[in-house]
Amino acid sequence: MSRTEPHPLGEQDTEDSQFAEIDANRIRRSYEAGLNGWRTPPSPDDRAQLLGLLRGHIQLLMPEVEACAARMRGEQRRTAQHVVSVTRILLDAPHRTEVSYIRDLATQCRALLALYRLPGTGEAEPRSTGYPGYSLTLARTPESAGEARRLVRVSLAVWGLDAHADTAALLMSELVTNAVRHARGPALRISIDRPAHDRVQLAVVDRAPAALPHLRTPSLGGIGGRGLLLVDELADRWGTDLKGSGARRWGKRVWADLDVSRD
């Protein structure tokens with residue numbers, strides 16, 4: 001991170017911040033900085049500061065989520081227990097400061113906050129399943145496909161769906177690659193959600209509403225046109241939603257659903 005740029009956490013968020021109370025906005029700023037707040041490679045001091053913040057938030061959230069998990073039921077309870085288990089493994093790892101480790105901690109911090117904010121007794125929930133969703137803004141470059149695959153694998157590990165990680169990562173990679181090739185603008189946004197117990201939804205939002213994806217037969221020996229055929233083969237269903245309204249369409253969301261009811 002350049003010293004001339006504002007810190008993504010804000011000047012008041014330092015390792016000496018008080019963690020006596022759970023401040024959702026402060027925690028959100030921290031994990032968002034860990035996931036997509038670096039405009040340039042962060043300095044060692046920046047990484048150390050953010051690591052301290054994330055560890056502080058996590059250590060505050062962990063006992064609260066464990067207490068909530070004891071009041072949860074069924075899949076929601078198993079999800080909370082799995083998130084706590086994965087987070088403990090990360091915290092117990094040898095001293096690490098690389099950006100990929102910071103992102104993994106940020107992902108777990110986000111999952112813990114999402115679980116902490118759910119009603120722990122099984123009443124009405126802000127999400128249909130109670131599972132935390134994940135999203136990330138990426139540059140519209142070929143390299144972002146690898147970053148998208150990484151977040152998909154982390155997400156499915158948090159949900160205990162490692163058996164579906166390869167298929168989900170491949171689906172997301174094809175969606176991102178299609179946006180890189182055919183959309184416009186400098187960025188795209190990916191999301192990984194679990195709208196139902198037996199379904200994971202992968203999506204990419206870009207700023208090219210007119211460039212709608214469609215299946216076509218690839219030319220003999222050509223490499224183009226095969227990505228959507230693969231999506232159509234692997235996904236249980238897929239589709240496109242336009243963003244914006246009327247003549248003010250600003251983008252589109254291409255999504256694919258994966259059935260995770262079978263191992």
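All values reported here derive from a predicted model rather than from experimental measurement. Side chains are part of it too, since the values below use all heavy atoms of this structure and drop only hydrogens, waters and symmetry mates.
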Going only through I, L, V, M, F, W and Y residues with side-chain contacts under 4.5 Å, is there a path from Val176 to Leu234?
yes
Using a strict cut-off of less than 4.0 Å between a Lys/Arg side-chain nitrogen and an Asp/Glu carboxylate oxygen, indicate whether Arg140 and Asp206 qualify as a salt bridge.
no
Cationic N near anionic O, under 4.0 Å, Arg103 to Glu147
yes
For residues Ala179 and Val204, report the shortest heavy-atom separation together with the two atoms involved.
CB-CG1, 3.9 Å
Looking at Ile102 and Gly34, what are the two nearest heavy atoms and their distance?
CG2-CA, 4.1 Å
Taking it one step at a time, do Asp259 and Arg199 satisfy side chain to side chain contact (heavy atoms under 4.5 Å, CB included)?
CA-CA 5 Å; Asp259 183 355; Arg199 182 159 54 101; over 6 Å; no
Set of side chain to side chain donor-acceptor pair (under 3.5 Å) partners for Glu233, sequence neighbours left out:
none
Could you check whether Asp46 and Ser43, counting side-chain N and O atoms only, form a donor-acceptor pair closer than 3.5 Å?
yes
When rounded to the nearest 0.5 angstrom, what distance separates CG in Leu90 from CD1 in Ile58?
7.5 Å
Less than 4.5 Å apart, side chain to side chain, heavy atoms only: is that true for Leu112 and Met62?
yes
If you round to the nearest 0.5 Å, how far is OG of Ser30 from CG of Leu50?
6.5 Å
For side chain to side chain contact (heavy atoms under 4.5 Å, CB included), just list the numbers for Leu35 and Tyr134, CA-CA rounded to whole Å, side-chain angles, deciding distance to a tenth of an Å, and then say yes or no.
CA-CA 10 Å; Leu35 291 171; Tyr134 298 85; over 6 Å; no
Could I get the full list of side chain to side chain donor-acceptor pair (under 3.5 Å) partners for Ser173, not counting sequence neighbours?
Arg149
Considering all heavy atoms, the nearest Gln201-Arg253 contact:
OE1-NH2, 2.5 Å
Any donor-acceptor pair under 3.5 Å from Arg110 side chain to Leu113 backbone:
no
Under the salt bridge (charged side-chain N to carboxylate O under 4.0 Å, His left out) rule, collect the residues that match up with Arg237, sequence neighbours excluded.
Asp257
Under 3.5 Å donor-acceptor pairs involving side-chain atoms of residues 155-162, not counting sequence neighbours:
residue	atom	partner	partner atom	Å
Ser155	OG	Leu151	O	2.8

Might you point out which heavy atoms bring Thr137 and Ala187 nearest each other, and give the distance in Å?
CG2-CB, 4.1 Å
Quick one: does Cys109's side chain get under 4.5 Å of Ile27's, heavy atoms only?
yes
Distance col, row Ile190:CD1 vs Leu136:CG, nearest 0.5 angstrom, shows 5.0 Å
Ignoring hydrogens, what is the shortest heavy-atom contact between Ala208 and Ala183? Give both atom names and the distance.
CB-CA, 3.6 Å
Beyond-backbone contact of His57 with Asp23, side-chain heavy atoms, under 4.5 angstrom
no
State which residues pass side chain to side chain donor-acceptor pair (under 3.5 Å) with Asn178; sequence neighbours excluded, sorted by chain then number.
none
Do the non-hydrogen side-chain atoms of Leu60 and Tyr116 ever get within less than 4.5 Å of each other?
no
Which is it for Val65 and Val83 under the side chain to side chain contact (heavy atoms under 4.5 Å, CB included) test, yes or no, and what are the steps along the way?
CA-CA 9 Å; Val65 172; Val83 169; 5.8 Å; no
Please write out which residues are connected to Trp255 in a hydrophobic cluster, directly or through intermediates, given that two of Ile, Leu, Val, Met, Phe, Trp, Tyr count as joined at side-chain heavy-atom separations below 4.5 angstrom.
none
Please write out which residues are connected to Ile89 in a hydrophobic cluster, directly or through intermediates, given that two of Ile, Leu, Val, Met, Phe, Trp, Tyr count as joined at side-chain heavy-atom separations below 4.5 angstrom.
none
State plainly whether one hydrophobic cluster holds both Val254 and Val231, where clusters connect Ile, Leu, Val, Met, Phe, Trp and Tyr through side-chain heavy atoms under 4.5 angstrom apart.
yes
Would you check, one step at a time, whether the test side chain to side chain contact (heavy atoms under 4.5 Å, CB included) holds for Val180 with Leu188?
CA-CA 8 Å; Val180 169; Leu188 51 83; 4.2 Å; yes
Are Leu170 and Leu229 co-members of a hydrophobic cluster defined by side-chain heavy atoms under 4.5 Å apart?
yes
Fellow cluster residues of Leu242, listed by chain then number, with links counted only when side-chain atoms sit under 4.5 Å apart
Leu212
Arg189 side chain to Ser135 side chain, donor-acceptor N/O pair below 3.5 angstrom:
yes
Picking from Leu258, Val260, Val152, what satisfies side chain to side chain contact (heavy atoms under 4.5 Å, CB included) with Thr167?
Leu258
With rounding to the nearest 0.5 angstrom, report the CG to OG1 distance, Leu228 to Thr177.
10.5 Å
Point-to-point distance, once rounded to the nearest 0.5 Å, from CG of Leu138 to CD of Glu143:
11.0 Å
Kindly indicate whether the side chain of Lys252, heavy atoms from C-beta on, has any atom under 4.5 Å from the side chain of Pro213.
yes
Applying salt bridge (charged side-chain N to carboxylate O under 4.0 Å, His left out), can you list everything that pairs with Arg153, at least two apart in sequence or on another chain?
Asp166
State which residues pass salt bridge (charged side-chain N to carboxylate O under 4.0 Å, His left out) with Arg249; sequence neighbours excluded, sorted by chain then number.
none
Measure across Ala256 and Leu171 and return the closest heavy-atom pair with its distance rounded to 0.1 Å.
CB-CD2, 4.4 Å
Which pairs with one or both residues in residues 54-68 pass salt bridge (charged side-chain N to carboxylate O under 4.0 Å, His left out), sequence neighbours excluded?
Glu66-Arg88
Rounded to the nearest 0.5 Å, how far does CD of Gln108 lie from OH of Tyr31?
13.0 Å
In terms of side-chain geometry, is the basic nitrogen of Arg29 or Glu32 positioned less than 4.0 Å from the acidic oxygen of its partner?
no
With Thr97, which residues qualify under side chain to side chain donor-acceptor pair (under 3.5 Å), at least two apart?
none
Do the side chains of His164 and Val200 get nearer than 4.5 Å, heavy atoms only?
no
